Colleague: 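Structure incoming, see below.
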2 protein chains.
Amino acid sequence: MSDTEQNRPNTQEKKRLALQAALGCFTQHGLAGTTIDMIREASGMSVGSLYHHFGNKEKIAAALYIQGLRNFGSLVKCYLSELPPHDKTAESGVKALVYANVDWISTEPDWARFVFHHRSLLSQDLLPKEKKEDKVQRELKGFSFDLVQWFTPHIVSGNLKTMPYELFSSAISGPTHDYARHWLAGRYNEPLLTYREEFADMAWQSVKGKKQS
Amino acid sequence: MSDTEQNRPNTQEKKRLALQAALGCFTQHGLAGTTIDMIREASGMSVGSLYHHFGNKEKIAAALYIQGLRNFGSLVKCYLSELPPHDKTAESGVKALVYANVDWISTEPDWARFVFHHRSLLSQDLLPKEKKEDKVQRELKGFSFDLVQWFTPHIVSGNLKTMPYELFSSAISGPTHDYARHWLAGRYNEPLLTYREEFADMAWQSVKGKKQS
DNA sequence: GCACAAACTAGAATATTATTCTAGTACTCA
DNA sequence: TGAGTACTAGAATAATATTCTAGTTTGTGC
């Protein structure tokens, strides 16, 4: 592995394609069920290259996981920042979060399935300790920091119920994610998208402050 | 594997202990990180015995997963049936579901962590197709059937909002599970149990019918 | 009590798969 | 153009899962 400095122009692109291929394998055979050889074949790279770029099988999965999170995170930011200036209300913000969730999961079901089923990849030792772990951690912290920043004024003003940030987060994304998990696993037939509004309402109902009805 | 007919008296007990040992390994090293040899050592059984009883590594995990679900399911039933006769209201029922979730996860964190992180084990080909798959599937269906049965009268009476069962289920357990996942992974410090009442209220708020305020 | 069958145990042998290693090739930059 | 480094390739090796063979125990019918 040599992520510290990739200089060659299309190396990032190749890594991206390799990850895409890996995602296909994982989707089809599960994490345990896919072999390096499958990924090698699907990606057209050699074993050596895969190991050069990612280090080992688990880190391929971890890279995929992180890229998924990033991808999702940028959609969230996008949805929040695209709210028209006159509509930056607590309700719109909360619903934007739900929409971002529903839409990302609906657009990238394979990626979402992978991310949902392998949360453990983050907590474990995916990265070479030291700097990089901090880097990703910091990125994630920064992400939730932005969210806190966005919503804090609405808590202060009483438009949102006062509760720990963790509860807030679980209230908003919990129901959507629960449904998504079942749908992605094929246990529910009705697409997540069907209930986009229901989940948005649900989220809003459970966090809105006492100021409004 | 020979699950079809275990006659020996303490064989079930041995399997149970082996699963317990396996859970310890999985908790400590993750599913991919634990080897058969670790389980062999932790359980005191031989490789041959493990394979005789479970078939392969994945099926050990699957057995653990299913036993976890069963275990949890019986707590749910217990909580619902122990409600005093005069208090079989929709609100008490909904809250009992949340309490069962919170309490089981808090009592068996390792088991819960395993179940949450490996939902995929059920959807895949853990069982020899034919009969047994049906058996577990039927058991799970039966379980949700019981729940539907319990709550249907309250939907009819208007104490509960009318919505698809799947939404109902996600609304009730989604937030709790979301928080639990983070807590079990060490990302949240405050124990799930702290917010037992909050999650119960949240669930009730999002499914209660229009009849009551 | 005794033979028979079947469940169960053990661990060596084998097969599969992950990972490392060595020898290159291709790009970048000075 | 030449030196250094990213990158590629695939054979060699190491780690691990799974199978196999040969027992040992236990319940059953007589």
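This is a predicted model, so every value here is computed, not measured. Quick note on labels: first sequence line is chain A, next is B, and so on, each numbered from 1.
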Colleague: Any salt bridge between B:Asp178 and B:Arg181, counting N to O under 4.0 Å?
Modeller: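 Salt bridge between B:Asp178 and B:Arg181, a charged N being under 4.0 Å from a carboxylate O: no.
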Colleague: Over how many whole Å does the gap from B:Tyr51 atom OH to C:dT16 atom P extend?
Modeller: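 Computing the B:Tyr51:OH to C:dT16:P distance gives 13 Å.
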Colleague: From the set D:dA17, D:dT8, D:dG10, return the single nucleotide nearest to any side-chain atom of A:Val47.
Modeller: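 The nucleotide sitting nearest to the side chain is D:dG10.
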Colleague: Do any side-chain nitrogens or oxygens of B:His53 fall under 4.0 Å of OP1 or OP2 in C:dT9?
Modeller: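 For C:dT9, OP1/OP2 do have a side-chain N/O of B:His53 under 4.0 Å.
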Colleague: Looking only at the side chain of B:Lys57 (C-beta and beyond, no hydrogens), which of the listed nucleotides D:dT18, C:dT9, C:dT19 gets closest?
Modeller: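 Out of D:dT18, C:dT9, C:dT19, the nucleotide with an atom closest to B:Lys57's side chain is D:dT18.
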Colleague: Between C:dT20, D:dT8, C:dG11, which nucleotide gets closest to the side-chain atoms of A:His52?
Modeller: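 Output: D:dT8.
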Colleague: If the cut-off is 4.0 Å, is B:Ser46 near the phosphate of C:dT9, judged by side-chain N/O to OP1 or OP2?
Modeller: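 No.
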Colleague: Looking only at side chains, do A:Asp87 and A:Ser92 share a donor and an acceptor under 3.5 Å apart?
Modeller: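 A:Asp87 vs A:Ser92: donor-acceptor pair found between side chains.
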Colleague: Would A:Asp110 and A:Arg113 pass as an ion pair if we require N to O under 4.0 Å?
Modeller: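 So A:Asp110 pairs with A:Arg113 through a salt bridge.
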Colleague: Between A:Lys15 and D:dC7, is there a contact of a side-chain N or O with OP1 or OP2 at under 4.0 Å?
Modeller: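 Indeed not, no polar side-chain atom of A:Lys15 lies that close.
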Colleague: Please give, in whole Å, the distance from D:dC7 C1' to A:Gln12 CD?
Modeller: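 To the nearest whole Å, that distance equals 13 Å.
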Colleague: In this structure, how many angstroms lie between the P atom of D:dT16 and the CZ atom of B:Arg40, rounded?
Modeller: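 Atom CZ in B:Arg40 sits about 13 Å away from atom P in D:dT16.
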Colleague: Between atom CZ in A:Phe54 and atom C1' in D:dC7, what is the gap in whole Å?
Modeller: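 The distance from CZ of A:Phe54 to C1' of D:dC7 comes to 13 Å, rounded to the nearest Å.
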Colleague: Could you tell me the separation between the CD1 atom of A:Ile39 and the P atom of C:dT16, rounded to a whole number of Å?
Modeller: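 Rounded to the whole Å, the gap is 19 Å.
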Colleague: Side chain to side chain contact (heavy atoms under 4.5 Å, CB included) for A:Arg196 and A:Asp103? Distances and angles first, verdict last.
Modeller: CA-CA 8 Å; A:Arg196 197 172 183 263; A:Asp103 295 347; 2.7 Å; yes
Colleague: Could you state the CE-C1' distance from A:Met38 to C:dT17, rounded to the nearest angstrom?
Modeller: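 Going from CE in A:Met38 over to C1' in C:dT17 covers 10 Å.
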Colleague: Return the 5'-most residue of the pair A:Thr35, B:Gly44 with respect to DNA chain C, ranking by each residue's nearest nucleotide.
Modeller: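 Closer to the 5' end of DNA chain C: B:Gly44.
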Colleague: With a 6.0 Å cut-off on the ring centroids, do B:Phe168 and B:Phe151 count as close?
Modeller: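 For B:Phe168 and B:Phe151, the ring centres are under 6.0 Å apart.
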Colleague: Rounded to whole Å, please give me the gap between CG in B:Leu31 and P in D:dA17.
Modeller: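 From B:Leu31 CG to D:dA17 P: 10 Å.
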Colleague: Check every atom of D:dT18, C:dA18, D:dA9 against the side chain of A:Ile36 and return the nucleotide holding the closest atom.
Modeller: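 Closest nucleotide among those given: C:dA18.
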